[in-house]
Amino acid sequence: MNPNKRLGFNQHVILRLPSNNFKIVELKPDGSISLGKFGAFYTNDIVGYPLGTTFEIYYDGSYEPDEKNKNRTPIGKVRVMNTGIDQSDLESTPTPLPMELTNKMSSATNKELINIGNEIQGMTMEEIESLKKQSATHAEIISKMIESHGSFHKKTVYSQEKYLNRKKQKFSKFFTAEYLSSSAMLQFLLEKGDVQRVMDLSQESIGMLLNLGNIRSNGQYLCVDETGGLLVYAMLERMFGGQTSSALEDVGSIVVIHENEHPNLDLLKFSNYSDQFIKNHVKAISLLDFFEPPIMEEVKQAFKPLSKEEISSLKSGKKNAYYRRLKWYNTQLQTIELSKHVEYDGLIIASTLHLPTLVRKLGRKVHGSRPIVCYSQFKETLLELTHVLYKDLNYLAPSIYETRCRPFQSIRGKLHPLMTMRGGGGYLMWCHRVIPAPDPPTNLETTNGNGTDININSNGTNGNDTENDANGMEKNSHGDATAPEMNKKQKTR
Amino acid sequence: MSYFSEYKDLIEEGDLALVWISRDNIKPITIDAKETFNTRYGSFPHTQMIGKPYGSQIAIRTKGSNKFAFIHVLQPTPELWTTSLPHRTQIVYTPDSSYIMQRMNCGPTTRVIEAGTGSGSFSHAFARSVSHLFSYEFHEVRYQQALKEFEHHGLINRDKTVTLTQRDVCANGFAIRPDDITSHKFGEIEEQLSINANAIFLDLPAPWDAIPHLEGVISKDEKVSLCCFSPCIEQVDKTIEAMEKEGWTEIQMVGIQGKQYESRRQMIRTLDDAIERLRDVKKRKSDGMERRKRLCDSVLNDDETKATDEKRPQTEKTRFNPFGKGSRVKEGDINYKWKEVTKVESEVKSHTSYLTFASKIINKDRNERTVKTLLEELEKK
């Protein structure tokens, strides 16, 4: 069974609840999962169905209440619901009237409607609670509530729909079990209020970062991730799509540079990649080790790997000590190798460290023509970065990007942008690593025959001295009409 | 491996490379030792590029004026290609395409249908990330151009990630058979190409005519995502109608707004300096007035000797000019203080299209026996 398509055992999935809250759960065999007021269910009952299926929890009265723990949510049975639940279903139903409202009177305007608060509801809290205890379905409860509502007929049909949907959110017992994509994980964190933890990232910014960074399954990427692993997870998903087959074992990897002794990739615990897979494809190295790697001679002096025969002759206590040292030795070797590698296929950063120093230092390790993408919650930090990179001939055309998604109420005849949406979403800096050329000689005809070869012993200046070309080409990394004097020269744009 | 899917180290003969002249001027070239890349700033022989690493700056002295001129040679990526490609139609830009790919969770397990191909901008981005892309174009000339381009870029033959088909999907659906005009090479016993798409992108004037044809070509045992790309709200309305009728759920429409910022500098001009400058102007003015007054007085007193004695003083240049008034100051001049600021690009793509998303699971059953076997296997462990 394909875990990318169907709900499987020991898989992490994300559950969407009627309240539009999210919950990440692991589907343990023979286990049960409680969703609080929305009910509880056995994992065995949902495994095997396609990811994205919506289930309704129902109680046919056959369950036995837990004597020891009365507050425990009773575990019900599940059945597949035929329509998915989503924002549009809950906020307002499509143009044809919902079943529940077809036989109800409504008013053209709300002229007659006077708000007297809770009094208008004929049923008391106790009555509703007892209905719930009798395991009535949400439809029964809502229908009773509408019957007992004193002025339901005075509401407009729109307002009735809203009422209905509010009650559905409250009394419905269903959930959708979705694939745990990086977007879903982000939504989960945002819903939980962990906006700061993910540095105010939005789905559209992650998407744009992955595309601008040209993330593919065969790249070696340098990454600084202060979002607790969300960024690394998004990269892994784009690179491997949840596949952990051996065919992909040797391809791309992410080298995570971290500022603490250990990396914080906590969110990867929710991922469905095996520990071994993550070990193979995500390599962590601290800033110190990256810039001041251990010295090979010292490492080799401190430890010498033994041959197979020698190991087998060791006593068990000594053997353990040996393997501990061997692990240390291998980590040291890996650290040396990773820090020596200077041809990374991309640099992806979401960090609050001072960017001009961070990017320029890590940028040295990036191969020419490869992208550098830097995410920041604030435009100003990227602004400082772009100004610094402009002057550096190793970076081509740094610029700041912003992308924002505006969701709409998506009902026929009532299409309009939602009245409120999340602000923020951060900014991206995108540029390419380039390799500056030495200055060509001033007089081509006299120095050599064909007059085209670059003479290394040029007499011109190089570096940060900008030398303007009268034709509008400037020897710096602008590559664009960003400075006003260049605006004048370049007719395009 | 194609020029798009392989990370290349050095620029080699026969490579497809992008020459970056400026942000708005990126040109695709095929590296050929006999060729020269000409710009209005000078000529760049390809021999100067061959053997250098990608990303190298290639510099020359222009003939005659002997000025410095340069270009950068880059390896193509879908995003760079989007900014340099020959427009055959309106194209899907990176803010939209990247959002769509992220939202539809595109990765190595995704099988995508794209209609129509258009200029192939989005096709390149899809092809980089997904398992397979089935792209449809109904316009014959555009199909031929796209076919040539995709073959040249290695997307069809080398990477085998793209199947391009000439088809009006609204009229004739998506199924691909041996007698169709398609890049797919059919085997002898192969009667129909298996598509099994789990992500669909429809960039068509009337997506509602294509939606009913999807049923037969989408994956049946998993959740399938659909995105329709339409500029008008009336199209969205009709699209939603078709989606609902065909059993698509989780319908939501969004709009994406992408912006690019210029990094600029604004001179810091303090109030004190402004006042000081006025004081300076005022002083010089009053100096001049006093001199004139004295001159006037001496004329009135017929004291001609005195009047001719006092020479007209040289008009001094302003002694205090903190903001460089009167001279052209370059933004960022180190003799002045600057505040770093951003400015949104002068023309913004304020509306590209509406994106209407939906999803569908055709078969919502499970195989009870599979689940039982799984459980038994787990127990054994």
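This structure is a prediction, so every number in the text was calculated from the model and none was measured. Below, read A as the first sequence line, B as the second, and so on, with proteins coming before strands; counting in each chain starts at 1. Both backbone and side-chain heavy atoms feed into the values below; hydrogens, waters and symmetry mates do not.
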After noting the C-alpha distance and the side-chain angles of B:R23 and A:S399, does the key distance pass the side chain to side chain donor-acceptor pair (under 3.5 Å) rule?
CA-CA 10 Å; B:R23 255 178 237 254; A:S399 26; 2.7 Å; yes
Given side chain to side chain contact (heavy atoms under 4.5 Å, CB included), test B:L374 with A:F9 step by step and report yes or no.
-> CA-CA 8 Å; B:L374 274 178; A:F9 285 116; 4.1 Å; yes
- Query: Do A:F408 and B:T356 pass the side chain to side chain contact (heavy atoms under 4.5 Å, CB included) test, and can you show the C-alpha distance, the side-chain angles, and the key distance before you say yes or no?
  - Reply: CA-CA 10 Å; A:F408 279 64; B:T356 313; over 6 Å; no
Next item on the list: I would like to know whether B:V371 and A:N44 meet side chain to side chain contact (heavy atoms under 4.5 Å, CB included); could you show each step before the answer?
Entry: CA-CA 8 Å; B:V371 178; A:N44 290 10; 5.7 Å; no
Does the pair B:Q257 and A:E402 meet the rule for a side chain to side chain contact (heavy atoms under 4.5 Å, CB included), with working shown?
CA-CA 8 Å; B:Q257 169 78 74; A:E402 174 194 309; 5.7 Å; no
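Looking at A:L51, the atoms closer than 4.5 Å to chain B (heavy atoms on both sides) all sit in the backbone: N, CA, C or O. Only the side chain of B:N105 comes within less than 4.5 Å of a heavy atom of chain A; its backbone N, CA, C and O stay farther away. Only the backbone of A:I215 comes within contact range of chain B, with at least one heavy atom under 4.5 Å from a heavy atom of that chain. Contacts of B:L378 with chain A are made by side-chain atoms alone, with heavy-atom separations under 4.5 Å and no backbone atom involved. Residue contact with chain A, scored on non-hydrogen atoms closer than 4.5 Å, involves the backbone and the side chain of B:L74 alike. The part of A:I46 that comes within reach of chain B is its backbone (N, CA, C, O), which places non-hydrogen atoms under 4.5 angstrom from that chain. Contacts of B:Y354 with chain A are made by side-chain atoms alone, with heavy-atom separations under 4.5 Å and no backbone atom involved. For B:D9, the parts lying near chain A are the backbone and the side chain together; criterion is any non-hydrogen pair under 4.5 Å. Proximity to chain A (any heavy atom under 4.5 Å) is restricted, for B:K8, to the backbone atoms N, CA, C and O. Only the side chain of A:R6 comes within less than 4.5 Å of a heavy atom in chain B; its backbone stays farther off.
With sequence neighbours excluded, no residue forms a side chain to side chain donor-acceptor pair (under 3.5 Å) with A:Y49. In this structure A:H432 satisfies the ring pair (Phe, Tyr, Trp, His ring centres under 6.0 Å) test together with A:W430, sequence neighbours excluded.
Each of A:E178, A:K379, A:R433, A:E237 has some count of heavy-atom pairs under 4.5 Å with chain B, and the biggest count is that of A:K379. Residue with the most contacts toward chain B among A:V80, A:N4, A:D345, A:L209: A:D345 (heavy-atom pairs, distance under 4.5 Å). Ranked by heavy-atom pairs under 4.5 Å with chain B, the first of A:L7, A:T386, A:N10, A:V47 is A:V47. Between chain B and the options A:E343, A:H367, A:R370, the largest number of non-hydrogen pairs under 4.5 Å is found for A:R370. With chain B as partner, the option from A:M208, A:R404, A:R238, A:H387 having the largest number of non-hydrogen pairs under 4.5 angstrom is A:H387. Contacts with chain A were tallied for B:G258, B:G255, B:S129, B:P53; B:G255 has the most, counting heavy-atom pairs under 4.5 Å. The choice from B:S43, B:P95, B:S131 that makes the most heavy-atom pairs within less than 4.5 Å of chain A is B:P95. Counting heavy-atom pairs closer than 4.5 Å to chain A, the top residue among B:L18, B:T110, B:V341, B:I233 is B:V341. Ranked by non-hydrogen atom pairs under 4.5 Å with chain B, the options A:N2, A:D45, A:L210 are led by A:D45.
Defined by atom type and a distance below 3.5 Å, a donor-acceptor pair is present between the side-chain atoms of A:S183 and B:Q102. A donor-acceptor contact closer than 3.5 angstrom is absent between the side chains of B:R366 and A:T53.
Closest of all the heavy-atom pairs between B:D365 and A:P50 is O-CD, 4.0 Å. In terms of heavy-atom proximity, B:S98 sits nearest to A:G207 at CB-O, 3.4 Å. The shortest non-hydrogen separation linking B:I240 to A:S410 is CD1-O, 3.8 Å. Shown here for A:Q203 and B:R103, the closest heavy-atom pair between the two residues is NE2-CA, 3.3 Å. Here the closest heavy-atom approach between residue A:C405 and residue B:Y99 is recorded as SG-OH, 3.4 Å.
A donor-acceptor contact shorter than 3.5 Å is absent between the side chain of A:N211 and the backbone of B:T94. For the pair A:N214 (side chain) and B:P78 (backbone), a donor-acceptor distance under 3.5 Å is absent. One N or O on the side chain of B:Q57 and one on the backbone of A:A437 form a donor-acceptor pair closer than 3.5 Å. With B:S263 contributing its side chain and A:L383 its backbone, the two residues share no donor-acceptor pair below 3.5 Å. Side chain of A:S369 to backbone of B:Q75: a donor-acceptor contact under 3.5 angstrom is found. Of the possible donor and acceptor atoms, none in the side chain of B:R128 sits under 3.5 Å from a partner among the backbone N and O of A:R216.
Between the CG atom of A:L396 and the CH2 atom of B:W20 there is a distance of 4.5 Å, given to the nearest 0.5 Å. To the nearest 0.5 angstrom, B:L80 atom CG is 9.5 Å from A:L212 atom CG.
Enclosure of atom NZ in B:K372 is not indicated, since only 12 or fewer non-hydrogen atoms of other residues, nucleotides or ligands lie within 6.0 angstrom. Counting heavy atoms of neighbouring residues, nucleotides and ligands inside a 6.0 Å radius, atom NZ of B:K220 exceeds 12 of them. In B:E368, the CD atom is crowded: over 12 heavy atoms of neighbouring residues, nucleotides or ligands sit closer than 6.0 Å.
Taking the ring centre of A:Y179 as origin, the terminal cationic atom of B:K223 falls outside the region bounded by 6.0 Å and 45° from the ring axis.
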